[in-house]
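By convention in this document, chain letters (A, B, ...) are assigned in the order of the sequence lines, proteins followed by strands, and residues within each chain are numbered from 1.
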Number of protein chains: 2
Amino acid sequence: MVSAKQTFKRGAYLYRAGEHFQSIYAVRTGFFKTATLLDDGREQVTGFHMMGEIIGMDAISTDIHPCDAIALEDSEICEIHFSQLEQLSRDIPTLQRHLHRILSREIVRDHGIMLLLGSMKAEERLAAFLLNLSQRFAARGYSSSSFNLRMTREEIGSYLGLKLETVSRTFSKFQKDGLISVQNRSIELQDMVALKRVLGQQGCATGKNDRI
Amino acid sequence: MVSAKQTFKRGAYLYRAGEHFQSIYAVRTGFFKTATLLDDGREQVTGFHMMGEIIGMDAISTDIHPCDAIALEDSEICEIHFSQLEQLSRDIPTLQRHLHRILSREIVRDHGIMLLLGSMKAEERLAAFLLNLSQRFAARGYSSSSFNLRMTREEIGSYLGLKLETVSRTFSKFQKDGLISVQNRSIELQDMVALKRVLGQQGCATGKNDRI
DNA sequence: CGTGGGGTTGACTCAAGTCAATTTGGGTGG
DNA sequence: CCACCCAAATTGACTTGAGTCAACCCCACG
């Protein structure tokens, strides 16, 4: 069912919008973004995906991938043939349950982002974003306070519903206030408590280990 | 598996956030909203659900309902016991596939809303909202151009990431421009082409029969 | 009949977008 | 190895769309 690992260079497409759906993919190492190209040419980022996360589940409903998946750094992927997975999950109830949980979790995550996009302001969005990345790195055994962003300011902005200038300005403000230290893609969270306070003031629950 | 229909009066809770998950629910007649209560007391609407749609799938991942589901008018519900559904879908591959499609479709819909919230402005959001409702009514054999809103301006705003005043103002503007006719909850779409143009200018694909 | 929740409208404010100028830094080819 | 180049990032000045606050209307309902 799980084919051999495949590797993808930075910038390579795992799949493209419009392609026929056959498999979902588990990120083994590296970092991906998923994004849809809008009619007017702009790109909307729908998610960032790191080690251990599953990509491609949004294609099950139509058998067509609705978005692109692009490696943001050299990455390794496990392809999971979906109809084989379905077959197997018929015989293994716990696998079946696990699959359903994963699908459902994706829905919950999306609701979290809807919340963020619908009711938070720029600083809160960025704080939520950084804390979420931090948690996900921590859960994978990396530093929770110091990491490299794999994506551009524009991609962050697209994901968070902000313009790249706003992302940049907000990072600068956080740095000025001593919450973080940024230089280019490398980030250090210097005062997580304060970052959480930025979030907390507007009241948004961030799922613990979840991609927001 | 499918228990007898249950009825819910307007304002009644189908389930509440925090309750244990056991079943998903198919709306037979009526209209529901799902919403989460934020820490600060405000409510965030995550969806509106009408005849034929399934509610509660976001609870599969944790076995706890993450949001409330509330009837916006007198409604009938079919409860679907989820572990029985899983059991059955082990024996009926087409049912299994159908379930997966439904779960995946929910993800796709959420991505659509993320798009809306992240990149559209007020008029575009409202136009998308109205056209989406119109499509869903049409798909169920009701008029696509004339219907009653079941929700308040505040609930629409919460769903679309706008304040109720903005919703009201934008309706008024649409009316002034001859795109729609509103009085209170009753809406008539008078110029769908123009409404689609409002959408089109920013470039957002609206799924055909999908709840956005 | 009141009363109150839902809705509309206006005046004002401000957060974020836009436009533009500059700096930085990584990658490439000579 | 260096110089150049271009994409990414930063910062400033200005604009604007939507939020805020407030007054008011209008039914529906007790």
Side-chain angles (χ1 to χ4, degrees), chain A residues 9-11 33 40 42-45 70 72-74 116-130 148-177 180-187 198 201-203, chain B residues 9-11 33 38 40 42-45 70 72-74 116-130 148-177 180-187 198 201-202:
Chain A
K9 288 243 159 268
R10 183 156 77 84
K33 72 171 175 185
D40 59 2
R42 283 175 312 135
E43 156 185 285
Q44 167 80 21
V45 174
I70 301 165
L72 294 183
E73 62 183 24
D74 295 357
L116 177 146
L117 292 171
S119 68
M120 291 169 59
K121 43 191 54 156
E123 293 187 17
E124 299 167 328
R125 295 182 198 193
L126 254 304
F129 177 72
L130 291 175
N148 270 72
L149 299 174
R150 269 70 175 190
M151 68 295 279
T152 67
R153 304 290 189 260
E154 185 161 25
E155 286 163 338
I156 296 173
S158 170
Y159 183 58
L160 298 177
L162 301 170
K163 295 289 153 183
L164 70 96
E165 294 94 329
T166 305
V167 174
S168 181
R169 268 187 249 276
T170 308
F171 276 160
S172 298
K173 176 169 191 307
F174 282 171
Q175 181 159 48
K176 184 174 66 66
D177 297 350
I180 66 175
S181 149
V182 235
Q183 46 193 346
N184 232 1
R185 305 270 178 112
S186 97
I187 291 268
V198 170
Q201 70 204 29
Q202 194 61 271
Chain B
K9 287 246 159 265
R10 183 155 77 84
K33 72 170 175 185
L38 303 180
D40 59 1
R42 283 175 312 133
E43 158 185 284
Q44 167 79 21
V45 174
I70 301 165
L72 294 182
E73 62 182 26
D74 295 356
L116 177 145
L117 293 171
S119 68
M120 292 170 59
K121 44 190 54 155
E123 292 186 19
E124 299 167 329
R125 295 183 198 194
L126 255 303
F129 177 72
L130 291 175
N148 271 72
L149 299 174
R150 268 71 175 190
M151 69 295 279
T152 67
R153 304 290 190 258
E154 185 161 26
E155 287 162 339
I156 296 172
S158 170
Y159 183 59
L160 298 178
L162 301 170
K163 293 292 154 183
L164 69 96
E165 293 95 328
T166 304
V167 174
S168 181
R169 268 186 251 274
T170 307
F171 276 160
S172 298
K173 177 168 191 306
F174 282 170
Q175 182 161 46
K176 183 173 67 67
D177 297 349
I180 66 175
S181 148
V182 235
Q183 48 193 342
N184 233 4
R185 305 270 177 113
S186 97
I187 291 268
V198 170
Q201 68 204 33
Q202 195 60 272

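Phosphate proximity of D:dT20 to B:Lys163: present, with a side-chain N or O under 4.0 Å from OP1 or OP2. Within the structure, a side-chain polar atom (N or O) of A:Arg153 is placed less than 4.0 Å from OP1 or OP2 of D:dA9. Here B:Thr166 reaches the OP1 or OP2 of D:dG19: one of its side-chain N or O atoms lies under 4.0 Å away. Between B:Ser172 and C:dT9 there is a side-chain N or O to OP1 or OP2 distance below 4.0 Å. Residue A:Arg185 places at least one side-chain N or O closer than 4.0 Å to OP1 or OP2 of D:dA9.
Below the 3.5 angstrom threshold, one finds a donor paired with an acceptor across the side chain of A:Arg169 and the base of D:dG12.
Atom pair B:Glu154:CD and D:dG19:C1' shows a separation of 14 Å (rounding to whole Å applied). Nucleotide C:dA11 holds its C1' atom 13 Å from the CD atom of B:Glu165, rounded to whole Å. Rounded to whole Å, the distance from CD on B:Glu155 to P on C:dG5 is 15 Å. When the P atom of D:dA9 is taken as reference, atom CG of A:Leu126 falls 13 Å away, rounded to whole Å. As rounded to whole Å, 21 Å separates atom P of D:dA7 from atom CG of A:Leu149. Between the CD1 atom of B:Ile156 and the P atom of C:dG6 there is a distance of 13 Å, rounded to whole Å. When the C1' atom of C:dA15 is taken as reference, atom CD of A:Glu124 falls 12 Å away, rounded to whole Å. Between B:Leu117 atom CG and C:dA16 atom C1' there is a gap of 16 Å when expressed in whole angstrom units.
Remark: side-chain polar atoms of A:Thr170 are paired, donor with acceptor, to backbone N or O of A:Thr166 under 3.5 angstrom.
For the atom pair B:Asp74 CG and B:Lys9 NZ, the distance stands at 4.0 Å (nearest 0.5 Å).
For A:Arg150, the side-chain contact (heavy atoms from CB on, under 4.5 Å) partners at least two apart in sequence or on another chain are A:Phe31, A:Leu72, A:Glu73, A:Phe137, A:Asn148.
Among the heavy atoms of the strands, none lies under 4.0 Å from B:Gly157. Contact annotation for A:Leu164: base contact, defined as any heavy-atom pair under 4.0 Å involving a base atom.
B:Phe174 has its side chain out of reach of B:Ile187: every pair of non-hydrogen atoms, C-beta onward, lies at least 4.5 Å apart.
Residue-to-nucleotide proximity on DNA chain C shows that, of A:Arg10 and B:Val182, the 5′-proximal contact is made by B:Val182.
Applying the salt bridge (charged side-chain N to carboxylate O under 4.0 Å, His left out) test to residues at least two apart or on different chains, the pairs with a partner in residues 155-165 of chain B are B:Lys33-B:Glu155.
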